[in-house]
Protein chains: 2
Amino acid sequence: MASIRDVAKKANVAACTVSRVLNGSASVAEETRQRIEQAMKELNYIPNELARGMFKQRAGIVAMLVPSIRHPFFSSLADQIEKELYQQGYKMMLCSTGDDIAREREYMKTFRSNIVDGVIMGVSNLKDEEYEAFQKPLVMLDHKVNEEIPVVVSDHRTGGILAAQKFLEGGCRNIIHICGLDAPEVLSFQSHRALEEILSARGVQVKAVEIKWSNFDFDGYLELAKMILEKNPEIDGIMAADLPAVAFLKAARQIGRKVPETLCVVAYDGTYVVDTNLLDITTIVQPVKEIANRSIGVLVDLLEGRPAKPAMNMLEVSLREGNTTKSRIPS
Amino acid sequence: MASIRDVAKKANVAACTVSRVLNGSASVAEETRQRIEQAMKELNYIPNELARGMFKQRAGIVAMLVPSIRHPFFSSLADQIEKELYQQGYKMMLCSTGDDIAREREYMKTFRSNIVDGVIMGVSNLKDEEYEAFQKPLVMLDHKVNEEIPVVVSDHRTGGILAAQKFLEGGCRNIIHICGLDAPEVLSFQSHRALEEILSARGVQVKAVEIKWSNFDFDGYLELAKMILEKNPEIDGIMAADLPAVAFLKAARQIGRKVPETLCVVAYDGTYVVDTNLLDITTIVQPVKEIANRSIGVLVDLLEGRPAKPAMNMLEVSLREGNTTKSRIPS
DNA sequence: TTGTATGCGTTATCAT
DNA sequence: ATGATAACGCATACAA
């Protein structure tokens with residue numbers, strides 16, 4: 001690999017002059033510039049970004065950590081984030097933890113070692129102190145650590161409210177919500193709070209069933225769904241992320257439960273998994289594009305030392321009405 | 001950020017002694033080691049990988065370039081590749097081109113600048129010379145440049161043969177194959193060759209319709225499918241990647257075409273998009289895990305200077321039989 | 001066992 | 001307009 005000094009030698013100048021041509025950082029005589037550009041071409045020279053990064057204390061890379069790259073929500077989000085980063089002149093390093101705490105911790109350690117400039121955390125199973133001890137710009141998704149670290153999150157409370165209304169309209173009495181872990185800092189759990197608040201006030205039963213996102217095994221979801229529906233015939237409403245929601249629809253069909261007549265299903269996320277389904281699924285849609293845009297906006301501001309925006313960034317969800325829920329109670 | 005010299009100062013030793021403790025590269029007195037480890041802890045020291053990489057001429061990062069991170073096939077593959085890389089001690093940098101040639105070229109340039117050690121090319125729209133001029137280990141997916149650059153590819157010819165058999169069994173007479181571009185170096189086109197060879201020998205019409213992978217817009221696929229089915233009522237067989245295949249199934253249902261009675265559909269890839277469908281879709285399955293394993297095996301061998309394996313790595317596809325095709329011609 | 005000197009490739013500062 | 005020098009943080013060869 002040709003270095004800047006090889007180019008300098010070939011063009012009969014000092015290395016720093018080559019550097020000046022490279023960066024346009026100072027005026028160089030036209031004739032000298034030509035010689036240097038010629039030499040760069042002949043040597044097929046490309047600057048070493050490692051050395052550059054070392055000098056500038058900046059790698060030009062942002063890491064994103066997710067539970068699974070395959071997961072449709074995270075792959076859609078990562079796709080958008082990469083696009084945003086590209087526009088801002090950064091590269092993305094996408095890593096996945098498989099929801100394994102040790103791997104998350106290990107990656108966080110790697111990220112501190114100057115290989116990346118900042119991190120988007122799409123997974124967060126460590127203790128708050130560990131995020132607070134991270135000494136670089138960090139943006140958390142769906143997880144509030146404290147008042148300092150920026151967080152980008154969908155308005156899950158509204159998501160829960162919208163879903164609750166659908167269940168009420170459908171006259172449902174026994175709801176199961178397939179969801180993530182319950183912890184005060186896990187903001188997506190707000191959807192469950194809202195659901196429960198509204199529905200139990202109307203005497204509707206709501207039960208949470210916790211699963212891990214990274215157990216991203218559709219057949220497993222399908223078995224779970226079948227088991228739940230068979231063991232609990234009184235269940236008449238399901239809220240779940242796109243993938244488990246689809247699993248319930250498939251399970252319902254297999255055991256002969258009619259949707260939406262005897263079972264209402266609301267999917268949560270709105271990835272292409274709902275689009276590709278033959279049914280038109282009622283869905284709470286997270287604004288993936290806006291999440292990506294806001295996350296990178298906040299992170300790049302931090303990276304480039306611009307004034308900080310508010311730490312809490314909440315974005316609107318929307319309801320897409322399909323026919324896996326009933327619009328009105330038949331009277 | 002504490003540097004190795006800060007640690008050295010605190011522990012009253014020279015920097016190289018700290019380095020020795022870090023790497024276990026030479027014996028250090030037990031008491032000295034303790035002092036150093038203590039100092040590292042107190043300073044919350046983490047080695048600077050940029051500096052390390054600069055010295056070692058190695059970044060510990062492998063790039064993967066794909067047309068779209070969202071695409072279920074590529075996100076599944078990227079997920080596996082990341083796992084394989086992690087096991088081998090490398091990080092992955094995942095980038096997408098949106099099938100834009102300029103972006104692919106730009107990324108290739110970035111990848112040469114010592115920021116990554118090698119590249120997995122999941123997209124390849126440049127001229128062969130550009131890949132040949134790349135001076136680092138490269139593994140191409142589905143694309144043969146020459147006899148030197150390693151390529152990992154599914155046995156698409158067999159894929160085409162398996163599909164052709166299904167169409168023959170179903171008595172289909174007019175097939176449409178939704179596929180990528182036709183070029184000698186694009187190996188996935190072999191499936192089309194095989195399909196045509198076998199079917200036209202039996203007097204079955206086969207027509208190729210080219211689409212771009214990155215136009216990853218399900219509604220667009222759906223419109224296309226509806227248009228094709230309505231304008232060509234004689235069509236009785238479809239082969240397409242998972243996503244467009246599902247679009248055809250949805251379109252068929254919308255315009256009242258019966259599957260598999262009057263329309264057979266074979267999906268190609270076998271991502272979870274077919275799993276999540278309510279129908280049981282006949283599918284040619286690419287061995288994603290094996291592709292990832294072989295790709296990284298070959299690449300890491302190159303990176304670590306081990307003897308090169310054969311350049312051509314072809315992996316077996318399999319048929320998963322569903323009920324979007326007929327098993328026997330009703331006589 | 002430990003320390004000194006040097007280089008990896010780049011760029012900023014200061015000098016000419 | 002151009003060059004010499006030093007520094008970024010680390011790891012090696014060599015010396016002590």
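All figures in this text were calculated on a predicted structure; none of them were measured in a lab. Residue numbering restarts at 1 for every chain, and letters A, B, ... go by the order of the sequence lines.
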Residues at least two apart in sequence or cross-chain that pass side chain to side chain donor-acceptor pair (under 3.5 Å) with A/Thr97, listed by chain then number, are none
Table please: side-chain donor-acceptor pairs of residues 3-19 of chain B below 3.5 Å, with sequence neighbours left out.
residue, atom, partner, partner atom, Å
B/Ser3, OG, B/Arg5, N, 3.1
B/Asp6, OD2, B/Ser3, N, 2.7
B/Ser19, OG, B/Asn23, ND2, 3.4

Taking salt bridge (Lys or Arg N to Asp or Glu O under 4.0 Å) as the cut-off, I'd like each qualifying pair that reaches into residues 23-32 of chain A, sequence neighbours left out, listed once. A/Glu31-A/Arg35
Among pairs that include at least one residue of residues 45-72 of chain B, which meet salt bridge (Lys or Arg N to Asp or Glu O under 4.0 Å), considering only residues two or more places apart or in two chains? B/Glu49-B/Arg52
Is any NZ, NE, NH1 or NH2 atom of the basic residue among A/Glu37 and A/Arg33 found under 4.0 Å from an Asp or Glu carboxylate oxygen of the other? yes
Once you round it to whole Å, what is the distance between P of C/dT10 and CG of A/Asn23? 10 Å
Where do N or O atoms of nucleotides 13-16 of chain C meet protein N or O atoms at under 3.5 Å, pair by pair?
none

NA contact type, B/Val18, heavy-atom cut-off 4.0 Å: base, sugar-phosphate, or nothing? nothing
Length of the line joining B/Ile115:CD1 and C/dG9:C1', which is rounded to integer Å: 13 Å
Pairs touching residues 92-116 of chain A that satisfy ring pair (Phe, Tyr, Trp, His ring centres under 6.0 Å), sequence neighbours left out: A/Tyr107-A/Phe111, A/Tyr107-B/Tyr86
Can you pull the salt bridge (Lys or Arg N to Asp or Glu O under 4.0 Å) pairs that have at least one residue in residues 110-133 of chain A, sequence neighbours excluded? A/Arg105-A/Glu130
B/Asn125: side chain to side chain donor-acceptor pair (under 3.5 Å) partners, not counting sequence neighbours: B/Asp99
A/Gln38: partners by side chain to side chain donor-acceptor pair (under 3.5 Å), with sequence neighbours left out: A/Glu42
Close residues, residues 29-43 of chain A, relative to DNA chain C [heavy-atom separation under 4.0 Å]: none
Which residues satisfy the side chain to side chain contact (heavy atoms under 4.5 Å, CB included) test with B/Glu304, sequence neighbours excluded? B/Tyr90, B/Val300, B/Arg306
B/Thr17 side-chain N/O to C/dG3 phosphate OP1/OP2 under 4.0 Å: yes
Atom CZ of B/Arg58 to atom P of D/dA11: distance rounded to whole Å? 12 Å
Check nucleotides 6-9 of chain D against the protein and report each pair of N or O atoms closer than 3.5 Å, with its distance, or say if there are none.
residue, atom, partner, partner atom, Å
D/dC8, O3', A/Gln57, NE2, 3.2
D/dG9, OP1, A/Gln57, NE2, 3.4
D/dG9, N7, B/Arg5, NH2, 3.3

